[in-house]
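Indexing begins at 1, ligand by ligand and atom by atom, following the structure's order.
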Amino acid sequence: MKSWLSCFNSACRAKYAVTEVLYNCPKCGSLIEAQYDFTGFDAEGLKFTWRERRMSNAPLDQSGVWRYRELFPFVKNEADIVTLREGNTPLLDAPRAALYAGLDRIVFKHQGFNPTGSFKDNGMTAGATQARALGMKRVACVSTGNTSASMAAYASAGGLEPLIFIPHGNISYGKLAQALEYGAKTFQVKANFDQILALVRALAERLGIYLLNSINPFRIEGQKSIVIEMMDQRDWRVPDWVALPGGNLGNVSAFGKGLREMHRLGIIDKLPRLAVIQAEGASPFYEYMHGSAEFHAQEHPETLATAIKIGDPVSWPKAQLEIETSIGAVERVSEQEIADAKAIIGQCGIGCEPASAATLAGVKKLAAAGVIAKDADVVGVLTGNVLKDPDYIYRYHTGQLKAPDDSAIQPTFGNGPVVVPNDPEKISALLDSIRPSR
Ligand code: F0G
């Protein structure tokens with residue numbers, strides 16, 4: 001057996017065929033993960049092959065996920081693979097953001113450059129592929145927006161029927177619009193993300209629908225490619241820190257697994273430290289990792305960074321393992337800190353959606369606390385595109401943004417539009433009077 005599913009619980013470790021439809025271990029209820037027999041793995045040879053594939057016109061080689069397929073070899077029939085040429089996201093230097101965070105340097109891995117504008121595409125190409133391999137017809141997810149946009153696209157591209165469940169009135173229009181445009185049957189449920197996930201899991205079981213939330217182990221396999229590609233782009237030089245926002249905690253689980261596997265296979269020579277950043281109003285993992293004896297879900301999560309508005313993250317046991325193994329850190333940041341960090345990322349000419357900006361806000365806090373050294377080599381992951389939530393941007397820059405508790409968010413780096421008369425004299429005078437703000 002070259003690939004199989006395994007219970008994540010080290011006390012159980014039950015094994016299942018890769019063709020079983022499983023999200024939790026039937027024996028103990030723990031999370032499930034994919035495992036492989038990597039015997040004979042040739043790290044140096046494959047590094048060369050992966051580089052060579054960048055010059056290829058073959059769809060799988062052009063994908064920044066499937067280019068690295070030897071690290072998640074669960075696909076038997078390549079004809080099942082659904083690709084929109086995902087991945088291939090850049091590493092961008094951001095000196096202004098580094099200055100803001102109190103660091104010498106920060107580089108962003110911008111997942112917003114993906115086909116549907118978020119890191120979800122790295123996982124969805126894998127999840128949709130497995131759905132086809134299993135002969136599934138319908139796929140479903142509950143989402144704070146990006147998963148649904150991505151699933152709608154990949155399901156439709158792969159000839160599957162996408163069903164989407166979203167919290168009513170709580171996702172950005174940019175994301176909802178994508179789901180509709182890509183042809184998903186979309187249900188808005190009057191409940192929060194965590195409640196809807198329980199609903200959809202019951203429905204999936206009852207109706208034989210394949211669930212494509214990040215509890216799906218193949219989504220996690222695809223998302224490993226984010227750190228694999230990042231390491232390839234850095235010529236396999238391991239950074240000191242990789243920072244990312246945490247919601248349902250699937251992404252940090254994927255990063256940690258991918259990094260540990262690369263380390264074990266001799267592709268990289270050490271592990272970077274992982275930093276997960278949560279919004280203050282939706283930070284159950286922060287609470288747990290900072291002293292709670294047990295994990296407690298948060299019943300009413302609140303944040304304007306709707307992508308990470310999750311109170312009961314399913315992947316917390318995996319995330320805990322990855323933070324502990326990498327000697328990482330978990331931080332939380334306020335609405336104001338997220339909003340200001342986002343404007344700074346915008347000033348770098350890069351831009352991102354609110355949840356992504358938690359990365360920079362958290363790195364700044366960890367640097368101020370001395371956890372991240374000033375001269376550390378830091379990669380911050382920006383998870384979603386700036387156009388996902390334009391309403392938030394306009395409100396921030398015009399001083400109209402309000403936190404969930406109705407308090408005003410200060411437009412510290414606000415840049416509202418200026419109304420001017422149709423008069424070149426007056427506009428010239430105005431421009432003369434403006435001093436550069438930087
Ligand atoms: N950033 C963005 C832009 C997201 O959309 C999400 C999750 C996260 C960060 C957090 O990632 O859940 O793996 O810890 N969005 C999910 C969704 C929940 O439904 O689109 P995570």
| task | May I ask you to identify the nearest protein heavy atom to atom 11 (O) of ligand 1, giving residue, atom name and distance to one decimal place in Å? | result | F119 CZ, 3.4 Å
| The one among N251, N146, I310 that brings a heavy atom closest to atom 13 (O) of ligand 1 | N251
| query | Would you call R105-D375 a salt bridge at under 4.0 Å N-O? | reply | no
| Is a donor on one side and an acceptor on the other found under 3.5 Å between the side chain of Q130 and the backbone of V18? | yes
| Beyond-backbone contact of D37 with W4, side-chain heavy atoms, under 4.5 angstrom | yes
| note | Between W316 and the options F285, F8, Y288, Y286, the ring pair (Phe, Tyr, Trp, His ring centres under 6.0 Å) test singles out Y288
| field | Per-residue contact class, I308 against ligand 1 - non-hydrogen pairs under 4.0 Å | value | side chain
| salt bridge (charged side-chain N to carboxylate O under 4.0 Å, His left out) between K224 and E261, intermediate numbers included | CA-CA 10 Å; K224 288 189 324 197; E261 287 171 350; 2.6 Å; yes
| Going by the atom numbers of ligand 1, which of them fall below 4.0 Å from some non-hydrogen atom of G250? | 13 (O), 14 (O), 21 (P)
| field | ligand 1 to G247 polar contact by distance, N or O atoms, under 3.5 Å | value | yes
| request: Specify whether Y68 and W50 have parallel, tilted or perpendicular ring planes, treating 30° as the upper limit for parallel and 60° as the lower limit for perpendicular. | output: perpendicular
| message | Considering both backbone and side-chain atoms of T383, is one of its nitrogen or oxygen atoms within less than 3.5 Å of a nitrogen or oxygen in ligand 1? | response | yes
| task | Using heavy-atom distances, let me know which of V142, I220, L244, T147 sits nearest atom 20 (O) of ligand 1. | result | T147
| request: Could you check if a side-chain atom of L382 sits within less than 4.5 angstrom of a side-chain atom of I350, using non-hydrogen atoms only? | output: yes
| Using heavy atoms and a threshold below 4.0 Å, how should the contact between A355 and ligand 1 be classified: side chain, backbone, both, or neither? | side chain
| query | Between S225 (side chain) and V65 (backbone), is there a donor-acceptor pair under 3.5 Å? | reply | no
| query | Can you tell if the side chain of S3 reaches within under 4.5 Å of the side chain of Q35, non-hydrogen atoms only? | reply | no
| message | As an exercise, identify every atom of ligand 1 less than 4.0 angstrom from a heavy atom of A307. | response | 2 (C), 3 (C), 4 (C), 5 (O), 6 (C), 7 (C), 15 (N), 18 (C)
| field | Enumerated ligand 1 atoms positioned under 4.0 Å from heavy atoms of E353 | value | 3 (C)
| Protein heavy atom at shortest distance from atom 12 (O) of ligand 1 | N248 N, 2.7 Å
| query | When the ring planes of Y36 and F38 are compared, do they come out parallel, tilted or perpendicular, using 30° and 60° as the limits? | reply | tilted
| Is there a nitrogen or oxygen of S148 sitting under 3.5 Å from a nitrogen or oxygen of ligand 1? | no
| said: Geometry only, no angles: is P245 polar-contacting ligand 1 at N/O separations under 3.5 Å? | reply: no
| said: Considering non-hydrogen atoms of the protein only, which is the closest contact for atom 7 (C) of ligand 1, and what is the distance? | reply: K120 NZ, 2.9 Å
| message | Within ligand 1, which atoms have a heavy atom of S143 less than 4.0 Å away? | response | 17 (C), 19 (O), 20 (O)
| query | Any N or O of G246 that comes nearer than 3.5 Å to an N or O of ligand 1? | reply | no
